Amino acid sequence: LFRKLPQTSGFFQKIAEFLGVAGDSRPCAAEHFRMQPDLAWGYFGGIFSGYANGAIPPMPLKELEAKNAKPKDRAYKLADSEGLFLLVQPNGSKLWRMKYRFGGKEKLLSFGAYPDLGISAAREKRCAAKQLLAQGKDPMANKADMMPEGAATFLSVAQRWHENRESSLDAAHSQRVWSRLERDVFPALGSKMMHEITPPDVLEMIRKIEARGALDISRRAKQGVGQIFQFAIACGLVSSDPTTHLRGALKPRPRVKHMSRLPLTELPQFLLKLKKYEEEGDRRSAITRDAVTFALLTWVRTKEIRFAVRSEFEDLDGKAPVWRIPAERMKMGREHFVPLSKQAATIARRMIIASTGEFLFPGVAPKKPLSENTMIYALYRLGYHSRQTVHGFRGLASTWANEQLVEFGKPAMWIRRYHEDWVEMQLAHSEDNEVRGAYNAAEYLVPRRRMMQDWADFLADQEKMGLSQTRKKAA
């Protein structure tokens with residue numbers, strides 16, 4: 001058939017265009033058709049009589065074929081050319097692989113996943129690998145030399161991500177985030193190309209952290225990796241985030257044993273008992289009573305109360321009194337601002353006037369802080385052993401704040417009176433989400449001040465309710 005057709009290069013050029021090889025970048029691709037007409041028949045009928053003599057190999061993989069490839073019961077390959085192929089896994093993932101020989105051994109090189117790494121990019125990496133082989137280098141041992149223009153390692157992108165946000169973060173928090181990445185993440189992922197990192201790669205890194213029992217750290221590591229990938233997506237470096245596929249894969253946290261606390265319904269009688277609390281000496285009774293009340297009003301931890309000094313309190317006679325707790329005394333190692341209600345500011349002023357030392361709540365010796373067990377023993381004496389702890393005040397207050405709802409709009413709907421971020425900020429809790437956890441110490445200070453005043457007024461109302469209940473019983 002072909003011998004009867006005109007033997008012109010234009011004719012065979014049209015055949016090449018029809019067959020999809022006119023754009024073949026290899027030299028003399030269309031010319032092969034003119035010189036060897038039987039090859040054209042081979043494309044139609046599957047017979048490549050001239051293949052062994054340097055003729056055109058089977059057509060390379062097309063974008064549509066790669067996109068539409070469906071998973072099967074077993075993994076299978078879609079060949080491209082020159083050793084490059086797409087491995088389609090039963091779970092639906094599509095991975096670029098290149099088969100080559102080096103040092104007399106057959107090896108398999110991984111380039112990344114499709115579609116994060118497109119066909120043209122995979123071919124560029126194949127060409128780079130071929131160049132390394134021509135130089136006598138093993139591509140597997142020299143992956144960094146195959147980096148296509150615009151690609152980047154996880155470490156380099158993490159550095160750009162960190163520099164981009166560092167100025168907006170508290171310095172101590174920023175350092176903690178980076179140190180955690182250096183310790184746990186970079187050894188596993190730092191040298192990998194962004195587009196090559198898969199969900200199993202991230203999970204393997206997380207499993208090592210979980211193996212030492214650091215379940216909170218493992219979650220922070222996952223979130224950090226996810227934030228870096230989101231930054232990379234915005235920069236056009238990758239198109240997906242592997243951490244989004246890890247939902248449900250991390251080990252669950254053990255159930256937290258909460259500190260003992262009373263139900264809110266018992267608060268009126270508790271406040272009456274606290275107001276009448278006495279121990280050895282009127283002065284010691286007053287200090288202990290005020291310390292416990294101050295803890296209840298401010299939601300802080302026992303250690304933060306015990307070591308409070310007068311220089312940490314600002315504007316006690318003004319409209320915006322605040323207690324500035326230094327980072328070194330906080331559990332999370334960052335400065336904490338506590339807006340003070342009128343009632344809390346009154347206690348602070350009274351203690352500063354009465355104290356001869358630096359500590360707001362002095363111990364038996366004026367220059368010593370309140371002892372570690374003073375406040376908890378006071379609760380024991382009041383009859384609340386195993387029922388209420390000083391730390392449990394935080395849970396009590398949090399329960400109250402999270403249950404406050406207000407009616408809004410028409411038709412009416414109920415919304416939270418106090419945003420959860422205000423509550424968590426007031427408790428100085430560590431955030432699971434590093435973005436929400438990276439805050440300035442003074443953030444939400446105005447709404448938190450209103451919330452703390454509402455809490456103090458609620459306690460005052462509860463104390464009045466307890467007094468009324470007592471009078472009714474007496475009557």
Side-chain angles (χ1 to χ4, degrees), residues 16 20-33 35-36 39 42-43 48-63 65-67 69 75-89 93-157 186-198 200-201 204 237-239 242:
V21 297
D24 196 316
S25 60
R26 286 165 294 186
C28 305
E31 187 66 17
H32 275 288
F33 277 88
M35 299 300 295
Q36 301 183 55
L39 285 178
Y43 266 93
F48 288 83
S49 61
Y51 184 80
N53 297 319
I56 302 174
M59 294 176 65
L61 185 64
K62 293 185 178 180
E63 186 73 38
E65 291 177 297
K67 183 178 180 180
Y76 66 96
K77 303 175 184 178
L78 292 176
D80 186 64
S81 58
E82 300 180 67
L84 180 66
F85 63 90
L86 189 65
L87 181 66
V88 183
Q89 301 276 39
S93 64
K94 302 170 185 179
L95 309 173
W96 289 111
R97 299 285 187 264
M98 176 184 164
K99 188 188 293 185
Y100 70 100
R101 295 188 70 83
F102 185 82
K105 296 181 180 179
E106 186 176 280
K107 293 192 172 186
L108 196 62
L109 193 60
S110 300
F111 288 156
Y114 176 88
D116 288 347
L117 187 70
I119 290 181
S120 59
R123 287 172 182 160
E124 285 179 14
K125 300 198 80 171
R126 176 198 61 199
C127 291
K130 291 272 188 185
Q131 289 175 1
L132 289 174
L133 286 169
Q135 297 168 16
K137 297 180 180 179
D138 184 358
M140 191 172 292
N142 297 272
K143 273 194 170 185
D145 295 337
M146 297 190 303
M147 185 190 303
E149 186 177 353
T153 62
F154 181 86
L155 176 58
S156 66
V157 176
F186 294 154
L189 305 178
S191 62
K192 291 181 179 288
M193 301 300 149
M194 290 292 291
H195 59 265
E196 293 180 350
I197 296 174
T198 62
D201 292 332
E204 182 180 357
L237 299 175
V238 293
S239 59

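This is a predicted model, so every value here is computed, not measured.
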Do the side chains of [Y] and [X] get nearer than 4.5 Å, heavy atoms only?
{"X": "Leu86", "Y": "Glu65", "result": "no"}
{"X": "Thr153", "Y": "Met193", "result": "yes"}
{"X": "Arg123", "Y": "Pro60", "result": "yes"}
{"X": "Leu109", "Y": "Lys125", "result": "no"}
{"X": "Phe85", "Y": "Leu108", "result": "yes"}
{"X": "Tyr114", "Y": "Val88", "result": "no"}

Rounded at 0.5 Å granularity, tell me how far [atom1] in [X] sits from [atom2] in [Y].
{"X": "Leu132", "Y": "Lys130", "atom1": "CG", "atom2": "NZ", "result": "12.0 Å"}
{"X": "Lys105", "Y": "Asp138", "atom1": "NZ", "atom2": "CG", "result": "10.5 Å"}
{"X": "Gln131", "Y": "Lys137", "atom1": "CD", "atom2": "NZ", "result": "11.0 Å"}
{"X": "Asp201", "Y": "Phe154", "atom1": "CG", "atom2": "CZ", "result": "11.0 Å"}
{"X": "Arg126", "Y": "Glu82", "atom1": "CZ", "atom2": "CD", "result": "4.5 Å"}
{"X": "Leu155", "Y": "Lys192", "atom1": "CG", "atom2": "NZ", "result": "14.0 Å"}

Over all atoms of both residues, closest heavy-atom pair of [X] and [Y]:
{"X": "Ala66", "Y": "Ile119", "result": "CB-CD1, 4.2 Å"}
{"X": "Leu61", "Y": "Asp80", "result": "N-OD1, 3.0 Å"}
{"X": "Trp96", "Y": "Ala113", "result": "CD1-C, 4.3 Å"}
{"X": "Arg101", "Y": "Gly104", "result": "NH2-O, 2.8 Å"}
{"X": "Glu196", "Y": "Ser110", "result": "OE2-O, 3.9 Å"}

Above 12 or not: heavy atoms from other molecules or residues under 6.0 Å from NZ of Lys107?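 Yes, the 6.0 Å shell around NZ holds more than 12 heavy atoms from other groups.
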Counting neighbours of NZ on Lys94 that are heavy atoms of other residues, nucleotides or ligands and sit closer than 6.0 Å, is the number greater than 12?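 Above 12, so yes.
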